[in-house]
Asks: 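Below is a structure I'd like to ask you about.
Because only heavy atoms are used, hydrogens play no part in the values below, and waters and symmetry mates are left out as well, while side chains stay in. Below, read A as the first sequence line, B as the second, and so on, with proteins coming before strands; counting in each chain starts at 1. As the structure is a computational prediction, the values presented were derived from the model and not from experiment.
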Amino acid sequence: MPRGRLADSFAGSMKLWSLYFIPTLKESPADAEIASHKLLVRAGLVRKLGGGLYTYLPLGLRVMQKLSQICREELDAAGAIELWMPHLHPAENWQQGPRWPAAREIMFRADHAGDGKRAGREPEFVLGPTHEEVITPLIKAEITSYRDLPKNFYQIATKFRNEIRPRYGLMRAREFVMMDAYSFDVDDAHAIASYQKMKAAYVSFFRRIGAHAIAVEADTGVMGGSFSHEFMVPAEVGDDDVIYCEASGYAANREKATSALVPADLVDAAPEGALEDLATPGVVTIAALEAAPYSVPATAQFKTLVFMGDGKPFLVILRGCDELEEAKLGSLGFTLFRPATPDEIEPVMGAKPGSLGAVRGTIKNPSALAGVFADQAIRLIGNGTTGANRDGVHLRHVNVTRDLAITQFGDFRRVRPGEPCPLSGQPLLVRRGIEVGHIFKLGTKYSERYGAVYTDDQKQSHPMVMGCYGIGIGRTLQAIIEQSHDADGIVWPWAVAPFQLLICVLDPQLPEAMDLAKQLAAAAEGAGADVLIDDRAERPGVKFKDADLIGVPLRVTIGGKGLKEGIIELKRRSAKDVVKVPLAEAGAQLAAAVRAAAGSTQAPA
RNA sequence: CGGGGUGUAGCUUAGCCUGGUAGAGCGCCUGGUUUGGGACCAGGAGGUCGCAGGUUCGAAUCCUGUCGCCCCGACCA
């Protein structure tokens, strides 16, 4: 005979654990690797539906709602306006946009299933990975005058991206919650002001939620646009390397980071001798040329890479000892680029990879090239060695200015820790970080494409200057756990804790204990806390373990022992000590503790 | 997509190498004893061993295929 339980008549915003739903786990799920992912599941915040797809259980949802609410408050304060856009987009919107070729592979197509007649054709609908392609046409239709600018719209909504590899729980999901905002301004100066305002809003958002996120210079990637910052939470499990300097405050994503390796006043070396063949049969790597009998240091070798940019080959020249930072090629203006295949390389260069070079006159078909782009660090090579574009032959005594046909110098190499900071000259450091937010100054890439123009007071028409801004709400939730947990569980910052006070009633069968719990809960709620009462018929050990696991910042214990003594116990999740409070003062002290905690939500420095 | 790993009860897993039709811990249910840091005793329910073929008298175990998941790389909030 199945036995349910009768509904409890207890009402109010405080929750009774026995009536709520917090499925905690003693053991970590087998598919979780990192601490925050394990705790997300163990503390009953989420459950996995499939790869990169998660259900937010009540506790997880509460944190998401708090993050969203604080985000809203900060954006509203910055003058942004909330709206809501569809997640299902006509594919046409994207096909008209500037990044369809690059973005289509991460988008889920959502065709009308029906009769399958559309199989193999272009999709009818796509699930939105972001919303530039939706909001820009909207603004084109609705805003035409400088009088209506600036405007900044945001939403906090679900995004869909067919991530090649979903990972680490909410860290990289296929469906995730993101705040995305889009600013529209009359010109560059105003757009920069909007950008700065958003940057300030981000800083205060991350401070309020207790996350120590730092703003770092970032690459603009497929978004396009002129400059951008990422907000990173330092963590070993992060996907990104942040290059930084403590002396100057310089901080940049590895993709963007640069160093003062090449002095500004560098004088290019004069040639040391005539070009000369060096027979190198079978030598196709930097390392092989570095070894005896050739003994050419990697620092004196030229590395010649061939890429295909929008269908045309181009060359990238680096020092042999340097690595290409592929993202930096984005500045060259190609819509799509990729490494060339050996079959594409030989007809142009005249040799296979391993014997390539950019010395004038040695390239088989130089007119096929879209350009020769050299990393400026090659200027440090006075007298170098490079491939002769004949298999098994290199050239030595190569001089950059005399011998190489360079279209343009640039910064294409990957910075290494220890190189001088571009601002202070001090050695650069590196650490891993989780990207929780990103802001871009977009420029007019989208407004021009979609015709989002306005008329100024001189009756002149101009494209609006845009910015776009994102915060991964779910990823931020997990980043907070990653940086704020201990061996026993999560340690929530006050502002985002699913509940801020947990009242552990060790003897819930005693009416006086439960009465006291509800009385204290009311006092704490009056002071502004969200309260959970653990009224389960569990042993104390179970309750304490669960309390630590779910990480509620403040805990009150009501036990038979204490009641005899006339006290309750007050304990912070982040501290070891337990404070005994006489019953007569319990309500007042609890309220005071709540007010104190709520007032100090700043992230530690 | 390339490389590596893995799939056995709600969860964590043993068994697989060396075929003989599945075992434990947690959790759950019943009863009892307990009761301040994941209790104990007794009893019980729960598994098409991811799926599909194949080999074999016989397959969780061997072979082939396939799917899911996890990790490393490219991508991103």
Side-chain angles (χ1 to χ4, degrees), chain A residues 1-3 23-34 37-38 41-42 44 47-53 67 71 102-103 105-107 129-130 156-181 202 213 218-223 228 230-233 237-240 253 255 326-327 338-339 433-440 468-479 488-489 504-510 537-549 555 557-565 569 571 578:
Chain A
M1 188 68 181
R3 283 186 284 181
T24 58
L25 257 32
K26 240 189 235 185
E27 288 176 295
S28 293
D31 56 12
E33 189 83 2
I34 64 172
H37 185 191
K38 290 176 181 170
V41 179
R42 285 192 56 211
R47 285 294 183 266
K48 182 169 71 180
L49 174 63
L53 303 171
L67 288 168
C71 185
E105 58 198 57
I106 67 150
M107 287 197 282
T130 83
I156 298 175
T158 304
K159 296 284 176 283
F160 300 87
R161 290 185 194 171
N162 192 10
E163 289 294 341
I164 310 162
R165 183 152 90 83
R167 225 194 336 187
Y168 293 157
L170 302 179
M171 208 71 104
R172 188 185 307 176
R174 287 193 171 111
E175 180 181 325
F176 58 97
V177 176
M178 178 168 115
M179 182 291 298
D180 50 319
Y202 271 44
D219 183 71
T220 51
V222 71
M223 297 300 301
S228 98
E230 281 173 356
F231 283 76
M232 311 281 295
V233 170
V237 299
D239 281 351
D240 296 274
N253 184 303
E255 294 181 348
E326 208 170 304
R338 59 169 173 83
I434 300 166
E435 181 188 355
V436 288
H438 205 155
I439 58 179
F440 299 86
C468 75
Y469 316 87
I471 292 176
I473 303 291
R475 183 181 281 183
T476 298
L477 182 160
Q478 191 169 345
D488 295 314
C504 269
V505 184
L506 299 186
D507 305 288
Q509 75 286 359
L510 297 177
E538 291 287 353
R539 296 167 60 85
V542 172
K543 294 186 174 219
F544 293 144
K545 286 289 183 189
D546 272 346
D548 289 344
L549 180 59
R555 188 181 87 196
T557 305
I558 298 175
K561 250 168 55 178
L563 287 181
K564 272 181 205 143
E565 265 183 73
E569 292 160 25
K571 180 184 177 299
V578 175

Asks: When the C1' atoms of B:G38 and B:G43 are compared, how many Å lie between them, rounded to an integer?
Replies: 23 Å

Asks: Please confirm whether the shortest side-chain N or O distance from A:Arg165 to OP1 or OP2 of B:C72 is below 4.0 Å.
Replies: yes

Asks: Can you name the nearest heavy-atom pair linking A:Leu53 to A:Arg174, along with the distance?
Replies: CD2-CB, 4.1 Å

Asks: Take the protein atom CG of A:Asp31 and the nucleotide atom P of B:U12, then report the distance between them rounded to whole Å.
Replies: 7 Å

Asks: Please name the nucleotide paired to B:A39 by Watson-Crick or G-U wobble geometry with both distances under 3.5 Å, or report none.
Replies: B:U33

Asks: Send over the distance from A:Asn162 CG to B:C75 C1', rounded to a whole Å.
Replies: 11 Å

Asks: Sugar-phosphate means primed atoms, P, OP1 and OP2; the rest is base. With that split, encode nucleotides 36-47 of chain B 5' to 3' as B, S or - using protein heavy atoms under 4.0 Å.
Replies: BBBB--------

Asks: Would you kindly give the NE2-to-P distance between A:His37 and B:C11, to the nearest whole Å?
Replies: 14 Å

Asks: List for me each residue that meets ring-ring contact (aromatic ring centres under 6.0 Å, His included) alongside A:Tyr469, sequence neighbours excluded, and say none if there are none.
Replies: none

Asks: For B:U61 and B:U8, measure between their P atoms and round to the nearest Å.
Replies: 14 Å

Asks: Which residues satisfy the side-chain hydrogen bond (donor to acceptor under 3.5 Å, both in side chains) test with A:Lys571, sequence neighbours excluded?
Replies: none

Asks: Identify whether any heavy atom of A:Ala32 sits under 4.0 Å from a base atom; if not, whether one sits that close to sugar-phosphate; answer base, sugar-phosphate or nothing.
Replies: nothing

Asks: Look at the side chain of A:Arg167 and the base of B:C70, then say whether one donor and one acceptor between them are separated by less than 3.5 Å.
Replies: no

Asks: Could you state the atom-to-atom distance from CZ of A:Arg174 to P of B:C75 in whole Å?
Replies: 18 Å

Asks: So which nucleotide does B:C75 pair with, by the Watson-Crick or G-U wobble rule with both distances under 3.5 Å?
Replies: none

Asks: Just so I know, are the side chains of A:Thr557 and A:Phe544 near enough to count as touching, which here means a heavy-atom distance under 4.5 Å?
Replies: yes

Asks: Using every non-hydrogen atom in the two residues, find where A:Pro129 and A:Arg161 come nearest and quote the distance to one decimal.
Replies: O-NH2, 2.9 Å

Asks: Pairing check on B:C28: which nucleotide meets the Watson-Crick or G-U wobble criteria with it, both distances under 3.5 Å?
Replies: B:G44

Asks: Considering every strand and a 4.0 Å limit on heavy-atom distances, what is the contact class for A:Ser28: base, sugar-phosphate, or nothing?
Replies: sugar-phosphate

Asks: Quick check: do A:Ile471 and A:Cys71 have side-chain heavy atoms less than 4.5 Å from each other?
Replies: yes

Asks: Pick the C1' atom in B:G15 and in B:A24, then give their distance to the nearest Å.
Replies: 11 Å

Asks: Expressed in angstrom and rounded to an integer, what is the separation of A:Phe231 atom CZ from B:C76 atom C1'?
Replies: 17 Å

Asks: With side chains defined as the heavy atoms from C-beta onward, is the minimum distance between A:Ile34 and A:Met171 less than 4.5 Å?
Replies: yes

Asks: In terms of the nearest nucleotide of RNA chain B, which residue is placed more toward the 5' end: A:Gly51 or A:Glu230?
Replies: A:Gly51

Asks: Any side-chain heavy atom of A:Arg47 sitting closer than 4.5 Å to one from A:Pro23?
Replies: yes

Asks: Using whole Å, report how far CD1 of A:Ile473 lies from P of B:A77.
Replies: 14 Å

Asks: With a 3.5 Å cut-off and just heavy-atom distances, do the side chain of A:Arg475 and the base of B:C76 make a donor-acceptor pair?
Replies: yes

Asks: Paired with B:G7 by Watson-Crick or G-U wobble geometry, both distances under 3.5 Å: which nucleotide is it?
Replies: B:C67

Asks: Suppose you measure atom P in B:C71 against the same atom in B:A52; what distance do you get, rounded to whole Å?
Replies: 28 Å

Asks: Considering only atom C1', compute the distance from B:A9 to B:A22 and round it to an integer number of Å.
Replies: 11 Å

Asks: Provide, to the nearest angstrom, the distance between the CD1 atom belonging to A:Ile164 and the C1' atom belonging to B:C71.
Replies: 16 Å

Asks: Considering only the C1' atoms, how many Å lie between B:G53 and B:G27, rounded to the nearest integer?
Replies: 37 Å

Asks: How would you label the contact of A:Pro129 with the nucleic acid (heavy atoms, under 4.0 Å): base, sugar-phosphate, or nothing?
Replies: nothing

Asks: Write down the partner of B:C49 under the Watson-Crick or G-U wobble criteria, each distance required to be under 3.5 Å.
Replies: none

Asks: Can you tell me how far P in B:C28 sits from the matching atom in B:C72, rounded to whole Å?
Replies: 34 Å

Asks: Sticking with atom P, work out how far B:A59 lies from B:C17, rounded to a whole angstrom.
Replies: 14 Å

Asks: What integer distance in Å separates A:Tyr168:OH from B:C71:C1'?
Replies: 8 Å

Asks: May I ask you to evaluate whether A:Lys48 reaches the phosphate of B:G68, defined as a side-chain N or O under 4.0 Å from OP1 or OP2?
Replies: no

Asks: Going by heavy atoms in the side chains, are A:Ile434 and A:Gln478 under 4.5 Å from each other?
Replies: no

